[in-house]
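Naming convention: chains lettered A, B, ... in sequence-line order (proteins, then strands); numbering from 1 in each chain.
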There are 2 protein chains.
Amino acid sequence: MNNAWHTEMLAEGRVGDRRIGDRDIVDKVRRAVLMQRLPPGTKLPEVTLGEVFGVSRSVVRKALTRLASEHVIDQRPNQVARVRAPSIEETRETFDARRLVEGEVVALLAGRLPAEPMAALAEQVRGEVAAFERGDEPARIEHSLTLHHLLAEHSPNRVLGAMLTDLVLRTSIVIALYKRAGLASCYLAGDHSRLLAHLEAGDAEAARGDIHDHLNGLEALLDLSPREARIDLKSILGRAPEQA
Amino acid sequence: MNNAWHTEMLAEGRVGDRRIGDRDIVDKVRRAVLMQRLPPGTKLPEVTLGEVFGVSRSVVRKALTRLASEHVIDQRPNQVARVRAPSIEETRETFDARRLVEGEVVALLAGRLPAEPMAALAEQVRGEVAAFERGDEPARIEHSLTLHHLLAEHSPNRVLGAMLTDLVLRTSIVIALYKRAGLASCYLAGDHSRLLAHLEAGDAEAARGDIHDHLNGLEALLDLSPREARIDLKSILGRAPEQA
DNA sequence: GGGCAGCTTCTTGTATACAAAATATCGCCA
DNA sequence: TGGCGATATTTTGTATACAAGAAGCTGCCC
């Protein structure tokens with residue numbers, strides 16, 4: 001069994017002296033999936049995770065249940081949990097859902113953002129641009145994620161905000177999965193700053209349009225051609241890509 | 001401690017010879033909350049539930065985690081799980097979110113429903129009308145819930161469908177919670193059949209409008225006046241309504 | 001050489017024991 | 001009588017042991 005990721009996961013940075021809880025495991029696994037250190041189909045046995053994090057299966061189990069409810073892993077009865085591989089179909093549907101929800105959120109947000117959160121958003125945009133220009137893709141992704149996360153957090157409608165948080169995560173996963181091979185970065189210059197300008201100006205419909213354009217652009221950067229042979233067969237019929 | 005609901009819950013109907021699992025517990029508790037047999041704030045200790053269902057805390061624990069992710073209960077660290085009491089604010093936001101999502105789902109569905117699911121929808125409408133006319137409110141709720149559940153299930157976009165399932169549940173809970181005292185039923189005659197007609201005719205925007213009207217009507221039947229003293233203080237400062 | 005049966009091993013499902021935290025109770029004192 | 005504090009009880013958090021099921025493997029047979 002490929003056990004390279006065991007050490008990788010711990011190297012991610014230890015939690016302080018605090019006792020490690022299920023939340024820490026959820027965060028670390030989610031992050032690892034997002035960063036493609038845990039490719040789709042990877043098996044996540046409970047004992048192994050427990051050894052890695054130094055806790056018993058009880059804690060791991062709770063973490064896995066949460067990850068499953070976040071759609072990060074697949075958990076089937078009497079079977080080892082695996083990193084989920086959303087289908088092309090589901091990818092399209094996730095983008096559609098996010099267009100609807102995030103569009104509404106930014107429309108609600110337009111002109112209603114206090115100065116402080118607005119500054120935080122601008123800060124992320126600056127960070128993203130800088131990271132892109134120096135070719136630091138992980139940092140760029142981090143800033144982009146934080147930006148959309150902030151939008152979700154400040155949503156006047158918290159129910160929609162929570163849904164958006166979920167959708168941002170799922171979208172990021174499929175972007176990492178289906179990004180065209182040659183592409184170095186899924187960056188669309190100007191999209192985010194244009195959105196912020198419209199938010200500040202209070203133009204709800206323009207902001208909604210920005211989100212639509214942004215997500216359309218992102219989706220266009222993916223390789224969503226219907227050759228099913230690649231991901232689906234592997235996860236449905238085949239085994240995990242151990243030595244792939 | 002008021003332990004009347006222990007027997008009520010079992011009386012709901014035993015699972016066959018099958019071993020009782022976490023899913024059964026989730027279903028039963030969810031249903032009991034929906035039917036207001038488990039009022040908001042009710043404590044749900046793990047051992048008690050375990051005794052009621054004849055399983056150990058492990059199974060109960062998993063069930064509680066799932067119920068928390070469905071927003072049916074509140075689970076805070078080192079504290080007994082309680083039936084959730086959504087605030088008035090959250091109630092409004094839930095309705096807004098559902099208007100957005102269910103509106104989109106029926107718009108996508110318009111004109112694209114095969115005959116068989118369409119017939120199933122019509123069947124629920126007939127059942128709802130009949131139940132209303134004979135004054136059988138539980139049956140009417142059941143049919144109404146099934147109807148919206150079917151819409152969610154047949155959503156072409158399954159991501160939105162899953163979100164709608166969640167929103168229908170949450171809306172039902174708050175309707176039960178905030179229904180005006182004197183009101184016997186939250187029934188809006190004709191709404192559902194009108195929606196079905198537009199779905200069959202393939203008029204997406206009319207169907208979306210039907211959903212908006214329907215949910216607006218429902219929301220108007222609730223008592224959402226901002227006297228915070230009723231629910232919020234009780235759950236924030238007070239104790240569970242044991243003998244209330 | 002390919003396929004299948006039976007067995008071994010690994011992994012999850014469930015129950016239970018103990019530790020830690022929160023809650024409730026009782027008694028004390030102003 | 002009312003508030004406050006220590007103690008006792010309840011309840012959750014975590015670890016572990018055992019049972020049940022699935023996956024993998026060996027060796028046999030065709």
Side-chain angles (χ1 to χ4, degrees), chain A residues 1-3 5-6 15 17-29 38 41-69 73-84 234-243, chain B residues 1-3 5-6 15 17-26 29 38 41-69 73-84 234-243:
Chain A
M1 161 98 65
N2 175 6
N3 57 0
W5 58 269
H6 301 173
V15 175
D17 287 339
R18 229 183 62 246
R19 190 185 186 80
I20 287 188
D22 58 306
R23 200 49 153 274
D24 303 299
I25 300 179
V26 171
D27 288 343
K28 283 223 181 358
V29 172
L38 255 44
T42 307
K43 292 196 288 189
L44 301 172
E46 300 177 354
V47 283
T48 312
L49 280 175
E51 287 165 5
V52 170
F53 288 102
V55 294
S56 81
R57 282 179 53 210
S58 322
V59 185
V60 174
R61 242 159 131 53
K62 203 191 304 191
L64 288 178
T65 302
R66 299 186 89 90
L67 283 167
S69 82
I73 65 170
D74 253 343
Q75 217 182 7
R76 312 174 75 114
N78 293 323
Q79 230 161 307
V80 294
R82 299 163 104 95
V83 176
R84 224 167 96 83
K234 211 188 285 181
S235 65
I236 294 174
L237 307 175
R239 58 187 61 234
E242 299 292 328
Q243 331 275 16
Chain B
M1 160 98 66
N2 174 5
N3 56 1
W5 58 271
H6 301 173
V15 175
D17 287 340
R18 230 183 61 248
R19 192 186 186 80
I20 287 188
D22 58 307
R23 199 51 153 274
D24 303 299
I25 301 179
V26 170
V29 172
L38 254 45
T42 306
K43 292 197 288 188
L44 300 172
E46 300 178 354
V47 283
T48 312
L49 280 175
E51 285 164 6
V52 170
F53 288 101
V55 293
S56 83
R57 281 180 54 212
S58 320
V59 184
V60 174
R61 241 158 133 50
K62 203 193 300 192
L64 288 178
T65 303
R66 300 187 88 89
L67 283 167
S69 81
I73 65 169
D74 253 343
Q75 217 182 6
R76 312 172 74 114
N78 295 322
Q79 228 160 310
V80 293
R82 297 163 104 96
V83 176
R84 223 168 96 84
K234 211 188 286 179
S235 66
I236 293 174
L237 306 175
R239 60 186 60 234
E242 299 293 329
Q243 331 277 16

Go through the structure and list residues passing side chain to side chain donor-acceptor pair (under 3.5 Å) with A:T65, not counting sequence neighbours.
none
Side chain to side chain donor-acceptor pair (under 3.5 Å) partners of B:S56, counting only residues at least two apart
B:S58
A:D24 backbone acceptor or donor facing A:D27 side chain under 3.5 Å
no
Judged by each residue's nearest nucleotide on DNA chain C, which is more toward the 5′ side, B:P77 or A:E46?
A:E46
Please state how far atom [atom1] in [X] lies from atom [atom2] in [N], giving the value in whole angstrom units.
X: B:R23; N: C:dG13; atom1: CZ; atom2: P; answer: 13 Å
X: A:I20; N: D:dG13; atom1: CD1; atom2: C1'; answer: 16 Å
X: B:L44; N: D:dT10; atom1: CG; atom2: C1'; answer: 16 Å
X: A:D24; N: D:dG13; atom1: CG; atom2: C1'; answer: 14 Å
X: B:R76; N: C:dT23; atom1: CZ; atom2: P; answer: 10 Å
X: A:E51; N: C:dT11; atom1: CD; atom2: C1'; answer: 13 Å
X: B:N78; N: C:dA19; atom1: CG; atom2: P; answer: 17 Å
X: A:Q79; N: C:dC10; atom1: CD; atom2: C1'; answer: 13 Å

Tell me whether the OP1 or OP2 atom of C:dG13 has a side-chain N or O from A:R61 closer than 4.0 Å.
yes
Which residues pass the side chain to side chain contact (heavy atoms under 4.5 Å, CB included) test with B:Q79, sequence neighbours left out?
B:R76
Go through the structure and list residues passing side chain to side chain contact (heavy atoms under 4.5 Å, CB included) with B:V80, not counting sequence neighbours.
B:K43, B:R82
Does anything in residues 57-66 of chain A pair up under salt bridge (Lys or Arg N to Asp or Glu O under 4.0 Å), and if so which pairs, sequence neighbours excluded?
A:E46-A:R57, A:E46-A:R61
Output one line per pair: protein atom, nucleotide atom from nucleotides 15-17 of chain C, and distance, for all N/O pairs under 3.5 Å.
| unit_1 | atom_1 | unit_2 | atom_2 | d |
| --- | --- | --- | --- | --- |
| C:dA15 | OP2 | B:S56 | N | 2.8 |
| C:dA15 | OP2 | B:S56 | OG | 2.9 |
| C:dA15 | N7 | B:S58 | OG | 2.6 |

